[in-house]
Amino acid sequence: MNERGMTLPLTLLMLVTMASLTLALVALAGLEPQISRNLADGTQARFAAEAGLEWAYDRLAETQNWNTLLATANATPGVVMDANRPIGTLPAARGTYTVWLRNDTLPGDPAITGTAVDASPNADANGVVIVTSTGTVNGATKTVRAAIKRLTFPPGFFPGAMAFPGTEAEVNFSGNSFEVDGRGWRMDGSGLDAGCASVFGISVSSVLPSNDPGANEAVVESALSRQQQDNVLGRPQDPNQAAQGANTIAPNEALTPAMIQRFIDQAKSAADITLESRQPSGLSFNNIGSSCASDPDSATCWGTRDNPKIVYVRGEPDPSSMFSALQLGGNTEGYGILIVEDGDLRIHGNFAWYGPIIVTGRWVGVGFMGGGNQAIYGALISNETAADQGFREGVMTGNSKVRYSCEALDNAVTARRLTRITNWKDLAPGE
Amino acid sequence: MTSRAGGFTLAELLAAMAVGALVLVGAGFAFQVAGGTLASGSDQAEAQQNARWALERMIQEIRGAGLDPTGTPPAFNFDAVSMPTATSLVIQSDLDGNGRLDPPAACDPSGSGERVSYRLVGTELRRATDPPANACEAVVVGGVQQLTFTYFDMAGAATVSPAAVRSVGVTVALRPETGTRPVIVLTDRVRLRNR
């Protein structure tokens, strides 16, 4: 007869109950930290991906010709700009990013870039590329994609060292020490740049004024004495004639006032420095650039070689044609793109600018007023859009030079604000 | 009486049963308490999960708001957010790059859309892809006690102008759908990457 009782089963039952309860709690306790770990890793991975995008932006902004980066790219996924790169100086365990660069050649790319596709994966012709950056932290990955756009000079934007694409090209040259040279110069003035094709010394509109085609070319040519004509050099109109004088003062239809307007409308929204100039006295500065060494971000530093700037001066239309929107004096030096709209630019003293200067709008002109060594390496555009017969669009006095320079123009496009990250998108896994 | 049969007297049995019952009551009590803790713990975890999920989902969409491939800053084709209020907003993106905001092809309130609205109705956070009609709407999460959107301009100052919005703050307060656990509050602020 066995009457051992219920102790063992009861104990076992309770043990199992307690154990399952404990296990449930432990599972819950273990799962929650894992969930938050995953969340933290995922968040960090996304920041790592964004760091990759910023890094890529930096590389692209400082690169003059993006085709050098696209040289070995295929259509998709493109070319690796860098793989598993740690964030700044942090150890790799804190996150890494891998960045791919490709040109926009795929049929779906206009939805990313907003522009028509390029033809070749290795040649950017439309100023936009696509960057994809994947951040990784502890096995969690996140990918972001963006189009990176740069505002570039449209083809044919610089037909001459000095261009008068507007309605008038009334000019005055005094003395014999000025120089207008459409041959490609090195930016430091050390000599000619064999890789830079010559442009005309002076180009003028051939369709404006509409009532007298060809008038502007004759106006410029007749403003130069025979001796002065020797100071204008550049691509010859007639290849069998000398590459100077009247033979390099030529009509051009590629550069139009509308094209300039489109360009400056975009450039001024990206300007590093925007200045409002009011009548009657306008703005006047001395020694621009002297602050660059101590404070490159200051409003009186108009760019350095490594960090060119876009400077935009907005004037006011003055039908009397007398308004100088900007006068520069002392020792002025700058790099980048200088735009003066609706007012004259007058240059006094020592002056050096590396990049294009665009003076455009109603009743405008550019004057090298003497008083020092004055030089533009790059190009000068004086675009008069309102007729003001008798008032000049270009004046060169004293020791003044306009030398065409591909190197200076290419350097100007590295102005950081010309390059933008657009169309940022957080990609879903597998997208 | 040579041998006593193995067994217990009634008194012994009663005593043993009383002790056993006491132990069982104690164990049952412990079980109940533990079960309650477990339930409330998982309720709270669930509420946190819901709040995180809701916030993450909104933040991710707000971050990418204003995608406008054919627009050229500052001349965009549309604002990144429209109808911004404290408890609702509409997120706008030109996903197909055709320069305009298209209505959804079919009703899919949890899918992608060029105009996506989030709003609080009662205690429900709802998402729709056809604002302002919101006829095609789904509940993202329930038990929401508070949903607050705040809008900031480029300088970080509060703004109500859709065109000026550059970053958005989101606060979600959520109570577990069952029980009376405390409210979970999560907050985040996100910059619009495309503006």
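Convention: sequence-line order gives letters A, B, ...; per-chain numbering from 1.
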* Given a strict heavy-atom distance threshold of 4.5 Å, which part of A:Ala24 is in contact with chain B: side chain, backbone, both, or neither? -> both

* To do: Measure the spacing between CD1 of B:Ile59 and OG1 of A:Thr43 and express it to the nearest 0.5 Å.
  => 10.5 Å

* Part of A:Leu31 within contact of chain B (heavy atom distance under 4.5 Å) -> neither

* Indicate the atoms forming the closest heavy-atom contact of A:Ala111 with B:Pro69, along with that distance. => O-CG, 2.8 Å

* A:Ile112 versus chain B, heavy atoms under 4.5 Å apart: side chain, backbone, both or neither? -> backbone

* **Side chain / backbone / both / neither for B:Arg52 at chain A, heavy atoms under 4.5 Å** => side chain

* To do: With rounding to the nearest 0.5 Å, note down the distance linking CZ in B:Arg193 to CD1 in A:Ile421.
  => 10.0 Å

* Counting heavy atoms not belonging to B:Phe76, are there more than 12 under 6.0 Å from its CZ? -> yes

* Would you name the heavy atoms of B:Asn194 and A:Thr422 that are closest together and state the gap between them? => OD1-C, 4.1 Å

* Side-chain contact test, heavy atoms from C-beta onward, threshold under 4.5 Å: evaluate it for A:Trp424 versus B:Leu67 and give yes or no. => no

* Can you find a pair of side-chain heavy atoms, one from A:Lys425 and one from B:Arg63, that are under 4.5 Å apart? -> no

* For chain A, find which of B:Gln48, B:Gln49, B:Glu56, B:Arg195 contributes the most heavy-atom pairs closer than 4.5 angstrom. => B:Gln49

* Would you indicate whether B:Met17, at its atom CE, is surrounded by more than 12 heavy atoms from other residues, nucleotides or ligands within a distance under 6.0 Å? => no

